[in-house]
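Just so it is clear, the structure is predicted and the values come from calculations on it, not from any experiment. One is the number of the first residue; the rest follow in order along the sequence. Start at 1 and go down the list; that is how both ligands and their atoms are numbered. All heavy atoms count here, side chains included; hydrogens, waters and symmetry mates do not.
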Amino acid sequence: MSAWAANACVQQLQDQPDSVLGLATGGTPLGFYRALVDRYKQGLVSFADAVTFNLDEYVGLDPDNPASYRYYMEQHFFRHVDLLPEHCHLPNGKAADLVAECEGYETAIASHGGIDLQILGIGVNGHIGFNEPGTAFSSKTHIATLAESTRRQNARYFPTPDDVPTEAITMGIDTIMQAKKIILLAFGEHKKPALEHLKSGRISEDFPATILRKHADVTVVYGK
Ligand code: GLP
């Protein structure tokens, strides 16, 4: 699963070295990043001209907080490859003006011509990025309140469950839908019901991932 997705990403960069990649965090894409770093070390791919935008970041965490998504990306991907630091974008969850941060993020994506390939995970409640059930399909990058179930799921990355932030900045559903290609990764039995719902449930804001059925180029990659 991870190798397939990494190969698709390598292909994307071979076809278009200055691609804009949309990146995800969480447990699911760890193998994908490992496979991508391997391919970089084998000389199969360069990221020197690529630009990245991550889906989301917690509000209130410093970039050097090990639970922040910036830290995750540095540890698992950025520092292992030849991406230029100024080409690696995540929302700043410590921005003094969070609304301006969201608007600026959206503008930055647009100024690079939009996302060519977006990597996505999926939450068991159907969230993509941090777009929880009930998020408008028309949403752009915004401040999201995390569902309690999401906070519980992500508590394993924090010293105590109370340390999980209550808010995050996330690309919106519409931001994600503007990506030219999407690869959604899902891993493990516990994600199967969410994938079933994505495939055949009613397209509804109550289960955000269902909107992906309206996208022209989505690949869902499932691994046990
Ligand atoms: C997190 C992230 C999502 C991710 C999802 C699944 O809260 N914000 O982008 O896709 O939940 O995480 P995991 O891959 O750890 O199951």
J.: Identify, by atom number and element, the atoms of ligand 1 in contact range of N154, meaning under 4.0 Å from any of its heavy atoms.
T.: 1 (C), 7 (O)
J.: Under a 3.5 Å distance rule, please check whether D163 uses its side chain to pair with a backbone N or O of T160 as donor and acceptor.
T.: yes
J.: Please state which part of I122 comes within less than 4.0 Å of ligand 1, counting heavy atoms only: side chain, backbone, both or neither.
T.: backbone
J.: Examine the proximity of ligand 1 to L120 and report which part, side chain or backbone, both or neither, has a heavy atom under 4.0 Å away.
T.: neither
J.: Under 4.0 Å from any heavy atom of G121, which atoms of ligand 1 are there?
T.: 10 (O)
J.: Among G129, A194, G188, which one has a heavy atom closest to atom 9 (O) of ligand 1?
T.: G129
J.: Short list, please: which atoms of ligand 1 are under 4.0 Å from a heavy atom of F130?
T.: 7 (O), 8 (N)
J.: For ligand 1, which atoms sit closer than 4.0 Å to a heavy atom of D56?
T.: 8 (N), 9 (O)
J.: Below 30° counts as parallel, above 60° as perpendicular, anything between as tilted: where do the rings of Y105 and F53 land?
T.: perpendicular
J.: Look at atom 11 (O) of ligand 1 and say which protein heavy atom is nearest, naming residue and atom and giving the distance to 0.1 Å.
T.: H127 NE2, 3.0 Å
J.: Write out the residue and atom name of the closest protein heavy atom to atom 15 (O) of ligand 1, then the distance separating them to 0.1 Å.
T.: G27 N, 2.8 Å
J.: Pair up each side-chain donor or acceptor in residues 20-35 with any protein partner under 3.5 Å, not counting sequence neighbours, and list the distances.
T.:
unit_1: Y33; atom_1: OH; unit_2: A24; atom_2: N; d: 3.3
unit_1: Y33; atom_1: OH; unit_2: A24; atom_2: O; d: 2.6

J.: Side chain to side chain donor-acceptor pair (under 3.5 Å) with D82: which residues, sequence neighbours excluded?
T.: S46
J.: Is D116 salt-bridged to K181, cutoff N-O under 4.0 Å?
T.: no
J.: R70 vs E74, test: salt bridge (Lys or Arg N to Asp or Glu O under 4.0 Å). Steps then yes/no.
T.: CA-CA 6 Å; R70 165 65 74 173; E74 296 289 348; 3.4 Å; yes
J.: Mark up the atoms of ligand 1 that fall under 4.0 Å of a heavy atom belonging to R156, in ascending order.
T.: 15 (O)
J.: Of all the atoms in ligand 1, which lie at a distance below 4.0 Å from a heavy atom belonging to G26?
T.: 14 (O), 15 (O)
J.: So which protein heavy atom does atom 16 (O) of ligand 1 come closest to, and at what separation?
T.: K191 NZ, 2.7 Å
J.: Among protein heavy atoms, which sits nearest to atom 14 (O) of ligand 1, and what does the distance come to when rounded to 0.1 Å?
T.: T28 OG1, 2.5 Å
J.: Of the protein's non-hydrogen atoms, which lies at the shortest distance from atom 2 (C) of ligand 1, and what is that distance?
T.: Y69 OH, 3.7 Å
J.: Tell me whether R156 at atom CZ has more than 12 heavy atoms from other residues, nucleotides or ligands lying less than 6.0 Å away.
T.: yes
J.: Tell me yes or no: between the side chains of Y71 and D62, is some donor less than 3.5 Å from an acceptor?
T.: no
J.: So, applying side chain to side chain contact (heavy atoms under 4.5 Å, CB included) with I128, which one of I176, L198, T210, I182 is it?
T.: I176
